[in-house]
Novice: 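The structure under discussion is supplied below as structure tokens; questions concerning it will follow.
Within every chain, numbering begins at 1; the chains are lettered A, B, ... in the order of the sequence lines, protein sequences first and strands thereafter.
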Amino acid sequence: MNYKDFIQKVSTQTALTKEETEKLLETAINVFLEQLTENKSIGIQGFGTFELRKKEERIIVHPATKKRLLMPPKLTVHFKSSNVLKEKLNNQLKNE
Amino acid sequence: MNNEKLSLQEFIDLFAQKANLKNKTAEDFIKNIVLVIEEALLKGESVKIKNFGVFKPQWIEPRKSVDVNSGKEIILPGSYKIGFVPDENLQNIVNEPFSYLEAVELDIIDSSEKKEEETLEPLKIFSEQADEIKSIIAEIQSMSAHPDVKISESKEKQEKIIPTENEDKKSEIFLEPEINNTDIVENESLKHLNDIENITSENVSEEKQEEKNNEIFDKKSNHQKEDDFLEEFDEDTKSEPIGIPFQAYVPSEEYEFHENTEKKRYSWVWIPVVLMLLLGGAGALYYFYPPVKNFVNLKMTKKSPILTERSLPSPAALTDTIQQQRQPEKVDSLQILFDTPRAYSEFIAKERIRSGSRLARMAKRYYGASEFWVYIYEANRDKIPSPNDVPVGTLIKIPKLDPRLIDVSNPRCMEKAKELSDLYLSLSK
């Protein structure tokens, strides 16, 4: 499902126009980011948790040039799905 | 690393505030979003949200694992999980604190490690043969350990010859893998076979020659019994080099080879270490041996006079040529400043010397360059017997200095400070 379909679906469900939906979603994402950058994790019940995680620095070998590179540490957004959702997903998809 | 967990309700409150919505509508909106995502995921679809990321159901294959309690191997069944890949924008914003970091190339370690890998491959191939050869060598050695000293001597000679020969060959082997990296294993193993064939045939012929010499020599000089034994021994060894396929000699070759690669590896490690030591030595010499320092300083100072001379029309009054060269008019006031004995009346700070304290470090802190420690020393001369030996517990006064005197950007200030430090260091000796 791409972004367009997604907005379409949400707007019909919330009875908002697409523009409104997009705008709201944008603010939601901004608030979300603000919280994340303050190092807070955000849990959504029945869905999962978003949190900031630090990936440690590591050495990689460039596959083409065979050069060894030291990659710096970085922060990423990590999503851990809740077990409820995971079970639902497994039941649904495995039965198909 | 998480300090706080935000519940959905808290998040919705914040969102409602920001978007000027009632809490209820905000909650509906967020819940709907989550619902839509969930629905799509349950259908097995991925969901892409602009500026946020992609959610995607992922199939994890069944995999083997070990039961921690029983230690038995178990098979974990395959399952679906939800993968989330953050959008690039989101990623960049989140990674702000580390954004200045870049990947660094590790070159030196790279080449040495590569060599290691390359050279270890053929070793494995021949490792089986190694055992065979070990036993044969042991046989030969047990024979040579017998009475005649000369035999063992000649043995030693043989052994000496073999390694040197091998080293030449090895350096060749070493170069070759670097050129063609692609099918290293095949090529290398082939080359090894060839090389080894050459070496072993050479060794065999040499051995034969040596043995013949022994035979003649020993027969002339030795008793009957020993002769008998020798003949036996010779027969054995003669038949061995011919009878044993070249493979038999490979392992010994391989051991040598292994040793050599290790040496190579070490040499790689040692090069930077030796360089560091040399640099350290040079630095120490520079700091602790005044003549060297003077010499270096002289060389360095030559530049500045030339530059200043050019910028100024040469003055008519050429009273003192040396003075002229070194101190052009413009900086003469500085020279006067340098030459006037410094009177320390104002102080900006006091420090107590602890073990590990250094005047130079204080100078770096207060004046911006470690060279200016001399002025601290001058101001506290009554308390410090020698600049190299400041008693712990001494209360040091940090003098206030004319800013022109400690201008870090002015090479003449540094020069002066170095001159003084040379003077004091040589005095203290």
Side-chain angles (χ1 to χ4, degrees), chain A residues 1-3 5-6 9-10 13-14 16 21 23-54 57 59-60 66-79 81 85-86 88-90 92-94 96, chain B residues 1-8 11 14-15 18-19 21 26 28-30 32-53 55 57 59 79-84 86 90-91 93-98 101-107 109-110 113-114 181:
Chain A
M1 191 197 276
N2 58 28
Y3 187 59
D5 300 333
F6 176 71
K9 266 229 159 124
V10 175
Q13 289 228 7
T14 52
L16 292 167
T21 315
K23 236 183 177 177
L24 277 181
L25 183 61
E26 216 170 278
T27 22
I29 290 173
N30 281 338
V31 173
F32 180 84
L33 260 178
E34 252 171 51
Q35 298 305 314
L36 267 188
T37 45
E38 279 171 30
N39 211 354
K40 289 174 182 165
S41 61
I42 295 150
I44 300 173
Q45 233 175 19
F47 186 67
T49 315
F50 294 92
E51 64 177 7
L52 209 56
R53 278 201 189 171
K54 188 187 171 194
E57 56 180 23
I59 292 167
I60 59 157
K66 296 257 152 78
K67 276 178 183 162
R68 283 158 55 98
L69 296 168
L70 179 69
M71 296 302 284
K74 72 174 178 182
L75 294 170
T76 65
V77 181
H78 181 82
F79 172 70
S81 59
L85 182 61
K86 214 173 162 185
K88 263 199 226 171
L89 186 76
N90 274 308
Q92 193 104 10
L93 292 182
K94 271 185 182 172
E96 276 171 16
Chain B
M1 71 181 269
N2 280 296
N3 305 327
E4 232 180 291
K5 191 166 180 178
L6 213 62
S7 72
L8 181 61
F11 176 70
L14 281 169
F15 169 57
K18 198 89 178 203
L21 286 175
D28 275 349
F29 180 75
I30 299 290
N32 271 316
I33 285 178
V34 172
L35 206 73
V36 172
I37 296 172
E38 210 179 303
E39 265 176 29
L41 284 172
L42 290 177
K43 275 187 225 156
E45 283 179 56
S46 67
V47 183
K48 190 180 176 187
I49 300 169
K50 200 164 80 181
N51 287 330
F52 192 67
F55 292 96
W59 171 247
S79 68
Y80 282 97
K81 74 159 205 178
I82 295 163
F84 171 67
L90 188 86
Q91 179 61 55
I93 293 165
V94 158
N95 196 35
E96 198 71 63
F98 289 139
L101 295 168
E102 274 178 21
V104 187
E105 199 177 304
L106 305 167
D107 225 11
I109 304 167
D110 171 37
E113 294 240 329
K114 243 195 227 161
N181 272 334

Novice: Under the rule for side-chain hydrogen bond (donor to acceptor under 3.5 Å, both in side chains), what residues qualify as partners of B/Lys50, not counting sequence neighbours?
Specialist: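 side-chain hydrogen bond (donor to acceptor under 3.5 Å, both in side chains) list for B/Lys50, sorted by chain: empty.
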Novice: What distance do B/Leu90 atom CG and A/Phe50 atom CZ have between them, rounded to the nearest 0.5 Å?
Specialist: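 Answer for the CG-CZ pair, B/Leu90 versus A/Phe50, is 9.5 Å.
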Novice: At a heavy-atom separation under 4.5 Å, does A/Thr76 approach chain B through its side chain, its backbone, both, or neither?
Specialist: both
Novice: For each of A/Glu34, A/Glu57, A/Lys74, tally heavy-atom pairs with chain B at distances under 4.5 Å, and name the one with the top tally.
Specialist: A/Lys74
Novice: About how many Å separate CG of B/Asn95 and CG of A/Leu52, when rounded to the nearest 0.5 Å?
Specialist: 8.5 Å
Novice: Let me confirm one number: the CD-CG distance from A/Gln13 to B/Asn32, rounded to the nearest 0.5 Å.
Specialist: 5.0 Å
Novice: Looking at B/Glu96, B/Gln91, B/Glu45, B/Glu39, which makes the most heavy-atom pairs under 4.5 Å with chain A?
Specialist: B/Gln91
Novice: How many angstroms lie between atom CZ of B/Phe52 and atom CZ of A/Phe6, to the nearest 0.5 angstrom?
Specialist: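 With rounding to 0.5 Å, CZ (B/Phe52) is 9.5 Å from CZ (A/Phe6).
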Novice: Once rounded to the nearest 0.5 Å, what's the spacing between atom CG of B/Leu14 and atom CG of A/Asn30?
Specialist: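 The CG atom of B/Leu14 sits 12.5 Å away from the CG atom of A/Asn30.
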Novice: Only pairs of heavy atoms separated by less than 4.5 Å count here; which of B/Ala19, B/Ser46, B/Ala26 has the most with chain A?
Specialist: B/Ser46
Novice: Looking at A/Ile60, A/Leu24, A/Leu85, which makes the most heavy-atom pairs under 4.5 Å with chain B?
Specialist: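 With the most close heavy-atom pairs to chain B, the winner is A/Leu24.
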Novice: Side chain, backbone, both or neither: which part of A/Leu89 has an atom under 4.5 Å from a heavy atom of chain B?
Specialist: both
Novice: Side chain from CB out, backbone as N, CA, C, O: work out which of these in A/Ile42 comes under 4.5 Å of a heavy atom of chain B, or both, or neither.
Specialist: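 Backbone plus side chain of A/Ile42, per the 4.5 Å heavy-atom cut-off to chain B.
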Novice: Looking only at non-hydrogen atoms, find the nearest pair between A/Gly43 and B/Lys5 and report the distance.
Specialist: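 Shortest heavy-atom separation between A/Gly43 and B/Lys5 comes out as CA-CE, 4.3 Å.
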Novice: Contact part of A/Thr21 toward chain B, heavy-atom cut-off under 4.5 Å: side chain, backbone, both or neither?
Specialist: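 Answer is both: backbone and side chain atoms of A/Thr21 are under 4.5 Å from chain B.
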Novice: I'd like to verify something: which residue of A/Asp5, A/Asn90, A/Leu69 has the highest number of heavy-atom pairs under 4.5 Å with chain B?
Specialist: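 Highest number of pairs under 4.5 Å: A/Asn90.
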Novice: Once side-chain hydrogen bond (donor to acceptor under 3.5 Å, both in side chains) is applied, do any residues pair with A/Gln45, and if so which ones, sequence neighbours excluded?
Specialist: none
Novice: Considering only heavy atoms and a distance below 4.5 Å, find which of A/Val10, A/Asn2, A/Leu36, A/Thr37 pairs most often with chain B.
Specialist: A/Val10
Novice: Under a 4.5 Å heavy-atom cut-off, does chain B meet the side chain of A/Leu25, its backbone, both or neither?
Specialist: both
Novice: If you apply the rule side chain to side chain contact (heavy atoms under 4.5 Å, CB included), what do you find for A/Phe47 with B/Ile37, and how did you get there?
Specialist: CA-CA 9 Å; A/Phe47 186 67; B/Ile37 296 172; 3.7 Å; yes
Novice: Does any backbone or side-chain atom of B/Ser79 lie under 4.5 Å from a heavy atom of chain A? Answer side chain, backbone, both or neither.
Specialist: both
Novice: Taking atom CZ of A/Phe79 and atom NZ of B/Lys81, what is their separation to the nearest 0.5 Å?
Specialist: 10.5 Å
Novice: Do the side chains of B/Phe29 and A/Leu16 get nearer than 4.5 Å, heavy atoms only?
Specialist: yes
Novice: Under a 4.5 Å heavy-atom cutoff, which of B/Tyr80, B/Phe84, B/Phe98, B/Phe55 has the most pairs with chain A?
Specialist: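 Most pairs with chain A among the choices: B/Tyr80.
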